[in-house]
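Here is the structure we will look at, set down as structure tokens.
In what follows, chains are A, B, ... by sequence order, proteins preceding strands, each numbered from 1.
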Amino acid sequence: MTATIRPVKGTRDYYPEDMALRAWLYDQMRHVSELFGYQEYQAPILEPIGLYAAKSGDELVEKQSYVFEDRGGDRITLRPELTPSLARMVAQRQNQLAFPLRWWSFGPFWRYERPQKGRTREFFQWNIDLIGDPSPEAEAEIVAIAAAFFKQVGLRSDEVQIRVNDRRLLAKELESIGIPEQARTPLLGLIDRKDKLSPEAWILQTKDIGLANAQIDSLNELLANKELWRGSESLERFFQAIEAFGASEYVVFEPSIIRGLQYYTGTVFEAWDTAGEFRALFGGGRYDNLVSDVGGKPVEAVGFAVGDLVITLLLQSLGRLPELAKSPTDVFVTLFDVSLRDKSFAIMNALREAGIRVAGQLTSEKLGKQFKYADRIGAKLAVILGPDEAAKGKVGFKVLATGEQGECTESEMIAKVRQLLEA
RNA sequence: GUGGAUGUAGCUCAACCGGCAGAGCGCCGCACUGUGGAUGCGGUUGUUGAGGGUUCAAGUCCCUUCAUCCACCCCA
């Protein structure tokens with residue numbers, strides 16, 4: 001064990017059963033994306049460091065990105081997020097794309113930080129964006145997609161919740177209670193962390209920023225007001241559309257949702273498990289400046305990102321993981337001995353040409369072991385060709401789940417196998 | 001980057017005050033040389049993460065180091 005080379009810190013090996021689960025999640029993401037008419041795309045995993053310098057959080061770029069020099073001396077980053085790459089792709093073909101764009105992607109990302117529960121250094125993420133539509137209805141569509149995804153994977157609205165806010169609304173409200181401009185940015189960061197702080201620490205830290213007692217009271221009142229959105233035309237329209245899209249049971253207004261990324265310009269949202277056991281399931285919002293920041297003409301955009309890991313942990317803790325096949329094997333073809341090898345191989349071939357998924361014994365082994373193997377890999381059916389069957393021009397079969405056994409002629413085999421697999 | 005916890009068989013974990021390294025599961029074999037999953041019997045599995053120190057004696061105490069986990073920070 002000491003001799004094996006360790007995996008890179010924060011990476012995760014996906015053994016076949018883990019991979020089957022990730023592939024299943026990917027399928028659900030694809031399904032929901034396509035239900036809303038979104039197209040899949042892929043961006044490079046390597047990007048120049050400069051792409052992120054513009055607008056991501058400072059800490060993200062300076063401390064949490066994997067950066068190295070390639071052989072030509074260029075500074076390369078393992079992408080820590082997708083949105084800047086998307087912005088570049090849009091900017092590069094801005095004049096030939098059919099707006100609004102409905103695009104989605106799934107792939108690996110890297111972030112150099114201490115791994116912990118629900119977080120690794122290499123992780124996989126689903127990104128989905130609607131680009132070129134400034135309306136609150138566009139935001140509602142994106143949030144409705146998130147709700148549809150939860151339904152698709154079997155998470156109910158009493159288990160997960162999408163919390164929505166609008167940074168513009170909050171900025172206006174902070175101004176109205178007399179919070180000076182220079183205090184607003186640090187205050188927003190503090191509000192974002194409020195539920196992690198004790199009430200005492202919260203008051204202490206708001207005072208540090210320079211708020212008076214009366215202002216803290218107003219602020220607390222503001223953050224407790226779940227009806228605050230009714231003052232905002234865009235949020236009114238947003239919630240009306242959410243209702244019409246059938247997503248309202250999953251969506252609530254929450255004035256303390258801010259999000260850390262600097263590039264969000266308006267609506268922001270996060271999804272959480274209602275039990276509060278895990279970190280955010282996904283986060284997103286409106287980012288209208290990003291395309292122009294990478295050199296394009298200004299385009300409005302809204303989107304979100306979901307990691308595979310927290311969703312998986314949540315489904316697991318709720319006992320909601322799907323039962324996936326152990327392997328794609330439908331049929332296991334046994335091998336009696338060397339004299340029947342070619343004939344057994346020909347049977348494997350015939351079944352495969354009929355589109356049936358077959359694994360088969362390649363070298364001589366006791367039949368008992370072959371059946372055990374067939375069982376362990378989850379084959380539904382075993383096909384047996386021994387001297388007795390061969391003498392009669394027949395093949396034997398066995399349904400592994402029930403032990404039911406029988407024979408049929410070689411010419412009947414494919415039809416028989418198909419029939420047994422469907423049962 | 002800061003703080004805390006934990007490293008013992010393939011896996012999950014025991015081992016009293018420092019006194020012969022164990023159990024369950026798994027795996028292998030046999031009962032059952034043409035039949036898996038059940039059962040019974042038998043067997044295998046170790047540099048106790050690594051290095052050093054104290055001691056008659058270290059899984060256990062001390063130091064160093066590495067790794068993992070948890071929280072903070074941060075969160076695409």
Side-chain angles (χ1 to χ4, degrees), chain A residues 1-12 15 43 47 51-52 55-65 77-87 105 107-121 123-129 189 192-193 196-197 201 258-264 268 270 278-285 287 290 303-307 309-310 332 334-337 340 361 364-390 396-407:
Chain A
M1 206 57 203
T2 47
T4 48
I5 294 173
R6 294 181 180 287
V8 173
K9 187 187 185 80
T11 59
R12 180 177 165 201
Y15 286 82
E47 292 281 11
L51 182 65
Y52 305 96
K55 268 293 176 179
S56 302
D58 293 331
E59 171 137 355
L60 175 58
V61 179
E62 286 166 21
K63 293 186 177 173
Q64 298 183 341
S65 292
T77 304
L78 281 172
R79 62 183 190 185
E81 58 161 328
L82 187 61
T83 308
S85 304
L86 169 61
S105 189
F109 296 86
W110 286 267
R111 189 168 177 177
Y112 193 86
E113 61 187 347
R114 292 276 266 264
Q116 52 186 282
K117 187 178 171 189
R119 185 158 73 183
T120 48
R121 287 183 169 185
F123 57 98
F124 289 77
Q125 213 173 52
W126 176 35
N127 281 259
I128 187 158
D129 294 274
D192 197 38
R193 289 198 307 275
K196 280 189 178 177
L197 300 172
I258 303 292
R259 307 220 27 89
L261 279 188
Q262 293 166 14
Y263 57 60
Y264 291 118
V268 286
E270 291 178 347
F278 299 99
R279 61 186 64 249
L281 297 166
F282 70 71
Y287 52 100
L290 208 57
F304 69 80
V306 190
L309 196 52
V310 183
F332 185 83
T334 60
L335 173 62
F336 190 82
D337 62 21
L340 287 166
Q361 185 71 24
S364 280
E365 183 58 87
K366 289 168 72 174
L367 269 185
K369 286 198 167 186
Q370 298 187 35
F371 276 95
K372 185 164 186 161
Y373 178 80
D375 185 49
R376 288 197 58 178
I377 65 173
K380 298 174 192 73
L381 220 57
V383 165
I384 309 114
L385 180 76
D388 299 350
E389 290 86 358
F397 55 81
K398 180 169 184 174
V399 181
L400 288 167
T402 62
E404 176 198 349
Q405 229 168 317
E407 287 186 346

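Listed pair Arg114(A) / rC70(B) fails the phosphate criterion, with no side-chain N or O lying under 4.0 Å from OP1 or OP2. Residue Gln116(A) has a polar side-chain atom (N or O) positioned under 4.0 Å from OP1 or OP2 of rA71(B).
Evaluation of atom-type donor-acceptor distances gives a pair under 3.5 Å for the side chain of Gln405(A) against the base of rU35(B). The base of rG34(B) lies close enough to the side chain of Glu389(A) for a donor and an acceptor atom to sit less than 3.5 Å apart. No N or O donor and acceptor, one from the side chain of Asp375(A) and one from the base of rG37(B), sit under 3.5 Å apart.
Of all nucleotides listed (rG34(B), rA71(B), rU35(B)), rU35(B) comes nearest to the side chain of Phe371(A). In this structure, of rC74(B), rC70(B), rG34(B), it is rG34(B) that holds the atom nearest to the side chain of Asp388(A).
Atom pair Leu381(A):CG and rG36(B):C1' shows a separation of 13 Å (rounding to whole Å applied). Atom CZ in Arg119(A) sits roughly 10 Å away from atom P in rC73(B) (whole-Å rounding). As a whole-Å value, the separation of Tyr373(A) OH from rG37(B) C1' is 17 Å. Rounded to a whole Å, the CG atom of Leu367(A) is 11 Å from the C1' atom of rG36(B).
With C1' as the reference atom, rC11(B) and rG51(B) are 28 Å apart, rounded to whole Å. A distance of about 34 Å separates the P atoms of rC28(B) and rU60(B), rounded to the whole Å. The separation of rG36(B) from rG46(B), taken at their P atoms, amounts to 30 Å, rounded to a whole angstrom. Taking atom C1' on both nucleotides, rC16(B) is separated from rU54(B) by 22 Å, rounded to a whole Å.
For Phe304(A), the ring pair (Phe, Tyr, Trp, His ring centres under 6.0 Å) partners two or more places apart in sequence, or in a different chain, are Trp126(A), Phe282(A). Among residues two or more places apart in sequence or in another chain, the side chain to side chain donor-acceptor pair (under 3.5 Å) test is passed with Glu270(A) by Arg259(A), Trp272(A). Phe371(A) meets the ring pair (Phe, Tyr, Trp, His ring centres under 6.0 Å) test with no other residue; sequence neighbours excluded.
Taking CD1 of Ile384(A) as the start and CD of Glu407(A) as the end, the distance is 9.0 Å to the nearest 0.5 Å. In this structure, NZ on Lys117(A) lies 9.0 Å from CZ on Arg279(A), to the nearest 0.5 angstrom. Atom-to-atom distance recorded for Leu86(A):CG and Leu290(A):CG is 8.0 Å, nearest 0.5 angstrom.
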Under 3.5 Å for both distances, Watson-Crick or G-U wobble, that's the pair rule; now give the dot-bracket for RNA chain B, with | marking pairs to another strand and [ ] for crossing ones.
(((((((..((((.....[..)))).(((((.......))))).....(((((..]....))))))))))))....

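When all heavy atoms are compared, the tightest approach of Glu389(A) to Gly396(A) is CG-N, 3.7 Å. Closest non-hydrogen pair, Tyr264(A) versus Gly285(A), comes out as CE2-N, 3.4 Å.
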Per-nucleotide protein contact along nucleotides 24-33 of chain B, 5' to 3', at a 4.0 Å heavy-atom cut-off (B base, S sugar-phosphate only, - neither), is ---SSSS---

Using atom names, set out every protein N or O paired with an N or O of nucleotides 66-68 of chain B below 3.5 Å, distance rounded to 0.1 Å.
unit_1	atom_1	unit_2	atom_2	d
rU68(B)	OP2	Lys9(A)	NZ	2.9

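For the residue pair Gln125(A) and Arg79(A), no side-chain donor N or O sits within less than 3.5 Å of a side-chain acceptor on the partner.
Atom OH of Tyr373(A) has 12 or fewer heavy atoms from other residues, nucleotides or ligands within 6.0 Å.
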Passes side chain to side chain contact (heavy atoms under 4.5 Å, CB included), Val8(A) versus Trp110(A)? Steps please.
CA-CA 12 Å; Val8(A) 173; Trp110(A) 286 267; over 6 Å; no

